[in-house]
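Notes for the one structure printed next.
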Amino acid sequence: ARQYGGGASGPGNRCPPAADDAPPQYYPFSKLTFKDNIITIVDDCLFGNLDLSKRVGELKLNPINPIYPLGTFLRNVYTLLVILEDKGIVLHAVGILEDEEAYIFIGPSKAGKSTVAGLSGERVVFSDDMIMIKKVDGEFKVYPAPCWGDKQRGERENKPYRINSMFKLIQDKKVYL
């Protein structure tokens with residue numbers, strides 16, 4: 001069997017057969033390393049590296065379903081570049097925009113970020129997956145990340161927005177603040 005990262009492209013491999021219907025056990029955590037200015041990302045569906053000094057890279061994806069591993073690679077590289085080059089942080093969060101101010105809801109997977117995005121009415125939703133925060137003129141501001149989730153909507157610009165509030169989401173059977 002051909003190898004992609006740590007797994008094979010056959011039965012027993014953990015690479016999702018199709019992004020929309022794969023069970024959670026198909027989504028392995030990627031191993032990301034950064035050494036000698038080279039980013040390396042490996043999981044069961046991909047092998048990729050990016051040499052920041054030379055501005056070249058290589059990416060090998062499982063051909064059965066290349067979309068999921070491509071997204072994994074780009075999301076990981078983006079996150080690391082934001083941290084290293086932009087001196088920012090990337091949060092697993094949903095960002096909602098109202099009156100040019102951002103409301104941020106953070107939480108682990110299944111905490112309710114997509115639910116908050118879906119219940120936010122006509123407000124702009126940056127993403128239901130990730131947002132970027134950087135310090136601008138002495139104040140922390142939020143930027144929409146280029147990696148959109150399923151619930152993004154509305155017009156937003158690639159510019160910093162003032163953070164009005166941040167909320168930590170905790171999954172429960174009831175919806176309340």
- Task: Using the test side chain to side chain donor-acceptor pair (under 3.5 Å), find all partners of D172 that sit at least two apart in sequence or belong to another chain.
- Result: Y176

- Item | Any residue meeting side chain to side chain contact (heavy atoms under 4.5 Å, CB included) with L70, in chain and number order, not counting sequence neighbours | L59, L61, L74

- Message: Does the plane of the ring in Y161 sit parallel, tilted or perpendicular to the ring in F126? Use 30° and 60° as the thresholds.
- Response: tilted

- Apply side chain to side chain donor-acceptor pair (under 3.5 Å) to T33 and list each qualifying residue two or more places apart in sequence or on a separate chain. none

- Task: Starting at OG of S114, measure out to CZ of F105 and round the result to the nearest 0.5 Å.
- Result: 13.0 Å

- Task: List the steps, then state whether side-chain contact (heavy atoms from CB on, under 4.5 Å) holds for L169 with V116.
- Result: CA-CA 9 Å; L169 295 173; V116 168; 4.0 Å; yes

- Message: I'd like to know whether CZ of F140 has more than 12 heavy-atom contacts from other residues, nucleotides or ligands below 6.0 angstrom.
- Response: no

- Message: Could you tell me if the side chain of I39 sits less than 4.5 Å from the side chain of N49, heavy atoms only?
- Response: no

- With sequence neighbours left out, which residue pairs that include part of residues 50-59 fulfil the side chain to side chain donor-acceptor pair (under 3.5 Å) condition? N37-S53, D51-S53

- Task: Supply the atom-to-atom distance C45 SG to K60 NZ, rounded to the nearest 0.5 angstrom.
- Result: 15.5 Å

- Query: When you look at L32 and T40, which way does the side-chain contact (heavy atoms from CB on, under 4.5 Å) test go after all the steps?
  - Reply: CA-CA 6 Å; L32 186 142; T40 303; over 6 Å; no

- Quick one: closest heavy-atom pair of P66 and I64, and the distance? CD-C, 3.9 Å

- For side-chain contact (heavy atoms from CB on, under 4.5 Å), just list the numbers for M166 and I106, CA-CA rounded to whole Å, side-chain angles, deciding distance to a tenth of an Å, and then say yes or no. CA-CA 7 Å; M166 289 182 80; I106 62 173; 4.2 Å; yes

- Message: Distance to the ring centre below 6.0 angstrom and angle to the axis at most 45 degrees; does that hold for K134 and Y143?
- Response: yes

- Item | Distance (rounded to the nearest 0.5 Å) between F34 CZ and L50 CG | 9.5 Å

- Would L52 and I38 satisfy side-chain contact (heavy atoms from CB on, under 4.5 Å), going step by step from the backbone distance to the final call? CA-CA 6 Å; L52 297 178; I38 298 174; over 6 Å; no

Per-pair distances, 0.1 Å, donor-acceptor, side chain in residues 87-104, under 3.5 Å, sequence neighbours excluded:
unit_1, atom_1, unit_2, atom_2, d
K87, NZ, L84, O, 3.4
H92, NE2, D129, OD1, 3.4
E98, OE2, R123, NE, 2.9
E98, OE2, R123, NH2, 3.3
E100, OE1, K159, NZ, 3.0
E101, OE1, N164, ND2, 2.7
E101, OE2, R162, NH1, 2.8
Y103, OH, N164, ND2, 3.1

